[in-house]
Amino acid sequence: MKYLNGKYRVESVDIGRISKKFGTPAYIYSYEVIKNNINKFKKNFKNINPLICFSIKSNSNFNIIKIMNSFKIGADVVSLGELKLALKAGINPEKIVFSGVGKKREEIEYAIRKKILLINAESENEVIEIENIARKLNKKVKIGLRLNPDTDARTLKYISTGKKENKFGVSLGVFLRIINKFRNSRYLNIVCLSVHIGSQITSHKPYEKMIKIVQATINRCKYNFEYIDLGGGMGIRYGNEKEINYKKYLNLIINFLKNKKSKIIFEPGRSLIGNAGLLISKIIYIKDAGTKKFVILDTGMNDLIRPALYNAKHKIIPYKRSNKSTNKKHEFVGPICETTDSFGVLKKFQKLKQGDILIIKDVGAYGKVLSSNYNLRPLGPEILVKKSKYKIIKRRQKISDLI
Ligand SMILES: *Cc1c(COP(=O)(O)O)cnc(C)c1O
């Protein structure tokens, strides 16, 4: 994705063409970027040959999941809906893991019947429930147990999941109790220790701590896990963040795997899809409010809630570049009746006018999936670009769909 003669392109397709043809707002994805992300991820961890399960909650577009499947990527699902989607997209059940703190009976039952690789349980009562269902179905079920390592991922507070005050996983004490209680179960086979400490992690340090605690846990329970599921969480560069040092992370894992036969599972979401998506929008009005200008867009927190929900920052760039800039503060806002419906303030920007197309970057993960019809706004389409071709992979909603 880059400018060519001052106009922004996704692969060989000019954004202006897409906005004319399909209107705004619209999500646009690049096949090439997804492919590169997958290949880079595989290469980074080639030495340990992990099972890579794409975290479907980060982007559940059916076509995107089919692309993942075409590169032999599995799936990490957190609901019956995501599980059905993954299966329908052709993902081998042997490559599907099921996470989440609140799986219901019918979800667990469906997962068992479909023979997915693992259900990662997150509480003692869930383990009991899975055992009951397995007994009823007279099956022996492979499960993982999610450890809460009480590790600070040093990411945004709202996307941290690995501290003891977070609802995810079980503490070391409970983990040991569950292992001891169920190690000889006729219906359960605990084959995996899983962890996931949060999202948008930009250093290997939190992972270092996490792995230390995983190792200490294994030492305490004297138990062989066929799988160690290290979750996802690898951050991307929205602004000036650093990327994780993958070499260091890999070396930590290689060290950890000494004297073990465990297979590593990863559950990346953002790192595979985050930078592959754009949200395009048209300026409806520009409102001069003295000390700043409000740039009012035709997209808002209903299409992309990350800024409003956890103060995330996304780069905003013009479709057409010019060298005329103004020094006035610009606040980019949506049409939704909420003060938090804002994509951020920039100290300066190029001169803008009504009708201009702007691009919000890096929205491939936790973008469309978190959208809503708030203010009864129909959602825009999703479009996939591959070289000079593009197609709709989710159509624009109509108001009549909503009424
Ligand atoms: C959300 C989630 C992931 C993916 O996290 P990313 O930061 O997008 O890589 C992986 N595993 C679990 C259990 C999750 O809840």
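In this text, all values refer to a predicted model and were calculated from it rather than measured experimentally. Atoms within each ligand, like the ligands themselves, are counted from 1 in listed order.
- The pair Glu131-Lys140 does not meet the salt-bridge criterion, since no charged nitrogen lies less than 4.0 angstrom from a carboxylate oxygen.
- Ionic pairing of Glu94 and Lys115 is not present here: no N-O contact between side-chain nitrogen and carboxylate oxygen is shorter than 4.0 angstrom.
- Near ligand 1, Ser55, Lys57, Asp76, Ser99, Arg146, His196, Ser199, Gly232, Gly233, Glu267, Pro268, Gly269, Arg270, Tyr366 each place a heavy atom less than 4.0 angstrom from the ligand.
- A salt bridge links Glu126 to Lys103: at least one charged side-chain nitrogen sits closer than 4.0 Å to a carboxylate oxygen.
- The pair Lys386-Glu11 does not count as a salt bridge, with every side-chain nitrogen at least 4.0 angstrom from each carboxylate oxygen.
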Please evaluate residues Arg270 and Tyr238 with respect to the criterion side-chain hydrogen bond (donor to acceptor under 3.5 Å, both in side chains), reporting the C-alpha separation (whole Å), side-chain torsions for both, the decisive distance (0.1 Å), and the verdict.
CA-CA 11 Å; Arg270 193 189 308 271; Tyr238 288 100; 2.7 Å; yes
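- Between Thr24 and Ser19 the shortest heavy-atom distance is CG2-CB, 4.0 Å.
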